[in-house]
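Working notes, beginning with the structure itself.
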2 protein chains.
Amino acid sequence: MGPALLHPTHSTQIFRRCKGLPSSRLYYIRHYATQPESAAVQRKKVWASADVAVQDVKSGDIVLSGGFGLCGTPETLLTALSRRHDVHSLTAVSNNAGSSDLGLVKLMKSGQLDKLIISYLGGNKYLERMYLDGKMSLELVPQGTLVERMRAHGAGIPAFFTPTGASTTVETGGIPIRFKAGGFKEGILIPGNKKEYREFNGKRYIMEPAIAGDVAFIHAWKADEAGNLMFRHVANNYNNAMARNAQLVIAEAEEIVPIGSLPPNAIHVPGIFVDRVVQATEPKGFDIITTAPPPGTTGGSSPEELLEKSTRRRIAKRAAQELRDGFYVNLGVGIPTLVTEYLRPGVKIWLQSENGILGMGPFPTEDQVDPDITNAGKETVTLLPGASIFDSTDSFGMIRGGHMDVAILGAMQVSQAGDIANFMIPGKLVKGIGGAMDLVSNPDKTKVIVAMEHCAKDGGPKIMQDCSLPLTGARAVSQIITELAVFNVDRSGGILTLMEVAKGVTVEEVQAKTACDFKVSDNLGQM
Amino acid sequence: MGPALLHPTHSTQIFRRCKGLPSSRLYYIRHYATQPESAAVQRKKVWASADVAVQDVKSGDIVLSGGFGLCGTPETLLTALSRRHDVHSLTAVSNNAGSSDLGLVKLMKSGQLDKLIISYLGGNKYLERMYLDGKMSLELVPQGTLVERMRAHGAGIPAFFTPTGASTTVETGGIPIRFKAGGFKEGILIPGNKKEYREFNGKRYIMEPAIAGDVAFIHAWKADEAGNLMFRHVANNYNNAMARNAQLVIAEAEEIVPIGSLPPNAIHVPGIFVDRVVQATEPKGFDIITTAPPPGTTGGSSPEELLEKSTRRRIAKRAAQELRDGFYVNLGVGIPTLVTEYLRPGVKIWLQSENGILGMGPFPTEDQVDPDITNAGKETVTLLPGASIFDSTDSFGMIRGGHMDVAILGAMQVSQAGDIANFMIPGKLVKGIGGAMDLVSNPDKTKVIVAMEHCAKDGGPKIMQDCSLPLTGARAVSQIITELAVFNVDRSGGILTLMEVAKGVTVEEVQAKTACDFKVSDNLGQM
């Protein structure tokens with residue numbers, strides 16, 4: 001661009017045909033300069049090291065930490081912060097709390113954390129003990145609500161209404177945040193936060209407040225010197241929303257490139273949100289490496305052979321009959337994961353993984369293993385042709401908005417009105433909420449099927465008039481499939497109808513093992 | 001993948017070192033099949049033509065139409081719908097209402113539209129007449145609120161709180177939606193929607209409801225046969241949020257490619273949201289082609305020479321002194337657009353354009369003109385190195401969230417408390433709200449500077465105790481720059497302080513031309 005651009009001629013407005021454009025219209029041509037020189041800002045955001053970049057983190061700060069499991073975790077920044085022995089009483093916000101010695105576990109063991117706001121605790125024994133001993137506060141938040149609360153603050157929204165968690169302990173504030181010194185036997189020091197509720201179009205929603213971070217730690221694949229970020233595959237997850245939220249956003253990047261190197265359309269986080277960029281130096285962690293047998297391997301029994309000895313597989317096979325070609329489906333842990341092995345001939349489905357995949361494929365062979373392609377169970381997976389990757393905000397928008405066709409979930413209890421309980425047993429430690437409450441939050445649009453064994457391990461009923469365990473969602477389930485029977489649920493009427501019984505099973509047997517009344521279909525079928 | 005995948009061996013859990021991975025940790029290796037065959041769904045979403053694809057649109061439907069101005073407008077689908085003479089009484093939701101014979105003007109002239117929900121009317125004379133004659137309903141919505149309301153429904157959120165429009169006619173419902181038959185002189189048939197307000201942390205917010213579309217018309221660059229979409233440059237704008245919203249989503253694409261052709265990380269809209277894909281056949285439209293003079297052209301006076309005869313340029317030059325190197329800045333129309341010509345030496349800024357650009361460059365040369373690279377004034381522009389592109393949801397998240405450093409805006413009136421009025425004069429037609437209310441919605445984080453001539457054309461004051469015109473925002477402006485003076489605004493105290501006067505201008509002259517009291521700084525400077 002020459003100095004001609006310094007000489008704008010605003011008044012030069014020419015109406016004429018422009019070459020290369022349809023000649024049937026007249027275009028408005030105006031000569032005008034937007035900016036005297038067409039050069040970008042040269043000020044760089046790259047800092048010498050993570051240790052220097054974290055120097056402004058203060059005691060008492062709310063620190064957002066990206067990643068899902070160990071995928072996309074800002075390990076380099078967390079390590080640097082764990083060396084800041086002067087910094088304590090931090091609140092960390094993350095999906096998980098790390099595992100073994102990685103992720104947020106570093107800040108726990110260094111004694112710097114006072115509170116965690118997370119969606120899923122999982123098998124983090126260290127955190128479990130600290131929480132039960134009253135030494136750490138823990139706020140459990142449904143996964144979609146957690147990321148949406150962070151997205152909201154970044155977008156200037158102080159609060160929003162969501163169906164997720166309505167009519168559950170999330171609404172009532174039933175999960176304690178902190179026990180008294182001396183541990184849970186001494187009682188509750190800080191109870192859960194009670195939520196305001198409101199009906200819109202006859203449906204119950206709760207109001208959730210934004211979460212504002214003081215600092216965000218982000219793990220990026222590529223960053224340019226202006227702070228523009230790109231994520232690699234599902235390492236996008238929480239990093240995207242967190243990078244838009246905090247007062248001070250620090251990104252560690254696997255690769256730092258000059259300004260102008262990243263394609264404008266492929267940038268996941270515009271540089272405006274990012275304050276500091278450092279080189280990532282810690283290796284990427286894996287939670288669970290799951291692999292398919294190498295090609296050519298033969299082994300084991302076929303899925304059909306396995307049916308004989310597996311009740312769980314018979315349930316999965318019946319559930320698979322509900323899926324039609326092209327369906328978008330989310331499968332919960334346990335029995336639901338077996339469903340894909342029994343799809344009817346010609347039926348192929350798009351599997352969603354709530355950490356940000358649509359079109360999830362099978363486990364990788366050993367040489368395909370990629371730490372940035374993992375599923376919601378934190379296992380390594382692959383992507384099918386046509387797959388797409390997105391961040392956690394989008395993933396839960398997709399789920400809560402009812403865009404999935406079907407969610408198949410396990411359950412501890414289901415009521416005759418379709419209430420489902422599958423996330424906690426009082427008196428035992430909550431492992432977390434994860435995505436379960438979100439997956440059942442829009443049952444008018446996403447059919448929720450429960451696939452579970454008919455009775456509990458002690459033989460007691462799991463299908464009952466009212467759930468005795470805390471609910472994951474109210475009036476959410478449309479169909480219940482067990483090894484004995486298939487029920488349809490009239491969610492508004494609160495009535496079950498027995499549609500099918502398994503071969504050799506009588507209605508009387510189903511009645512004996514079910515703790516509520518139900519109608520029997522006039523066309524009772526056999527599973 | 002061979003049939004081995006059909007033979008899962010869940011129990012095979014091996015703890016061993018995995019080749020190519022750090023040897024210091026043990027990994028959990030599990031052989032497990034997620035899906036019997038690693039093939040994607042083959043069901044295709046491609047329809048033969050736009051005419052066939054729009055066959056399920058019904059009278060009375062709410063139709064979301066993507067695009068900003070004519071950039072990214074689904075012209076092929078709108079043309080097809082305009083041929084459906086049986087379909088009428090539609091509500092269209094869009095940023096603009098089209099121009100000349102393009103965009104939504106097609107459905108207006110065909111008599112199919114009953115209501116428009118838009119952000120900006122602009123110079124659409126046809127719509128203006130229909131509205132004033134009481135023949136069409138018009139709901140004007142701030143640009144950021146409009147896209148967020150659509151994003152909300154798509155994400156399962158029925159309502160949210162926003163600062164945009166609080167304490168304005170948006171809150172009070174002061175802009176009529178429809179006049180009585182016979183026109184505006186007969187009075188109001190449907191008043192504007194009043195909004196509920198609430199304070200969070202001492203700041204006023206209003207509750208905005210989600211907008212649910214029956215049908216969305218989307219213009220994509222590339223679509224695969226599974227419905228995954230990519231947008232080209234700023235044609236992303238509203239298309240992204242709309243594609244996630246409606247019951248029936250139809251995308252026209254410039255190019256339709258086989259499943260597996262699009263990179264999973266670069267997909268803007270996952271296929272789950274898209275129901276039908278058709279080939280786009282209508283040419284892309286331009287609103288305004290603005291070009292820079294060809295390289296080597298010399299012409300006109302320099303910006304410094306122009307200062308002598310231009311009051312507006314002197315105001316712009318003073319406003320430019322407020323910008324520091326690396327600032328992220330949004331410039332309103334009029335005087336603010338001149339600011340970039342007077343940046344101090346060494347200062348370069350990132351210009352934001354609210355239709356989805358950060359790092360906007362100067363006007364293109366004639367051979368650089370691209371219909372998919374336009375600014376919020378609908379003019380063709382360029383991208384600087386380091387630029388990023390994003391959709392309207394992200395753009396207004398960025399604005400409302402207070403991530404911009406400075407917004408420089410023109411105004412019709414400013415009050416001593418920093419209230420700003422710059423979008424409507426009662427009795428004259430509202431051209432729309434556009435992004436103005438969003439740009440002043442977070443003044444604690446984004447400094448709002450008003451750059452305007454000190455008095456109105458009739459010589460009357462524009463700086464006053466209370467604005468007489470409807471507000472764009474309350475207590476929003478931190479600084480006022482005119483050709484006579486610079487004021488700082490104490491927004492909480494509601495008091496102006498005169499900081500500088502222009503050469504040859506006395507405090508008495510400023511007092512005579514200002515309709516409110518103000519303090520005079522002890523260190524009164526010269527502009």
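Letters A, B, ... are given to chains in the order of the sequence lines, protein chains preceding strands, and every chain is numbered from 1.
Contact record, Arg232(A) with Asn265(B): C-OD1, 4.3 Å, taken as the closest heavy-atom pair. The shortest heavy-atom contact between Ala155(A) and Arg400(B) is O-NE, 2.8 Å.
One distance of note links NE2 of His403(B) with CZ of Arg244(A); it measures 8.5 Å at 0.5 Å rounding.
Phe390(A) touches chain B through its side chain: at least one heavy atom from C-beta onward sits under 4.5 Å away, while N, CA, C and O do not. Heavy atoms of Met230(A) lying under 4.5 Å from chain B are absent altogether. Looking at Ile157(A), both its backbone and its side chain come within 4.5 Å of chain B, counting heavy atoms on both sides. Contact annotation for Asn228(B): only side-chain heavy atoms (C-beta onward) come within less than 4.5 Å of a heavy atom of chain A. Using a 4.5 Å cut-off between heavy atoms, Phe200(B) touches chain A through its side chain atoms alone. With a 4.5 angstrom heavy-atom cutoff, Glu148(A) touches chain B only via side-chain atoms. Contacts of Ala266(B) with chain A are absent, with no heavy-atom separation under 4.5 Å from either backbone or side chain. With a 4.5 angstrom heavy-atom cutoff, Ala226(A) touches chain B via backbone and side-chain atoms both. Looking at Lys203(A), neither its backbone nor its side chain comes within 4.5 Å of chain B, counting heavy atoms on both sides. Interface residue Asp325(A): backbone and side-chain heavy atoms are both found under 4.5 Å from chain B.
Among Met207(A), Met404(A), Glu225(A), the residue with the largest count of heavy-atom pairs under 4.5 Å with chain B is Met207(A). The residue among Ile272(A), Ile389(A), Thr380(A), Ile267(A) with the most heavy atom pairs within less than 4.5 Å of chain B is Ile272(A). When the candidates Leu358(A), Asp438(A), Leu383(A), Thr162(A) are compared by the number of heavy-atom contacts under 4.5 Å with chain B, Leu358(A) comes out ahead. Your options are Pro163(B), Gly356(B), Pro258(B), Gly326(B), and the one with the most heavy-atom pairs under 4.5 Å with chain A is Gly326(B). In terms of heavy-atom pairs under 4.5 Å with chain A, the best-connected choice from Pro158(B), Ala152(B), Gly144(B) is Pro158(B). Annotation: maximal heavy-atom pairing with chain A below 4.5 Å, among Asp394(B), Leu262(B), Asn236(B), occurs at Asp394(B). Interface summary for chain A: among Ser261(B), Gly260(B), Ser388(B), the most heavy-atom pairs under 4.5 angstrom belong to Ser388(B). In terms of heavy-atom pairs under 4.5 Å with chain A, the best-connected choice from His153(B), Arg151(B), Met398(B) is Arg151(B). Comparing Gly402(B), Gly271(B), Gly359(B) by how many heavy-atom pairs each has under 4.5 Å with chain A, the most go to Gly271(B). Taking Gly397(A), Gly401(A), Gly156(A), Pro264(A) one by one and counting their heavy-atom pairs under 4.5 Å with chain B, the maximum is reached by Pro264(A). In terms of heavy-atom pairs under 4.5 Å with chain B, the best-connected choice from Phe160(A), Phe273(A), Phe327(A) is Phe273(A).
Take Arg324(A) and apply the salt bridge (Lys or Arg N to Asp or Glu O under 4.0 Å) test, not counting sequence neighbours, and it matches no residue.
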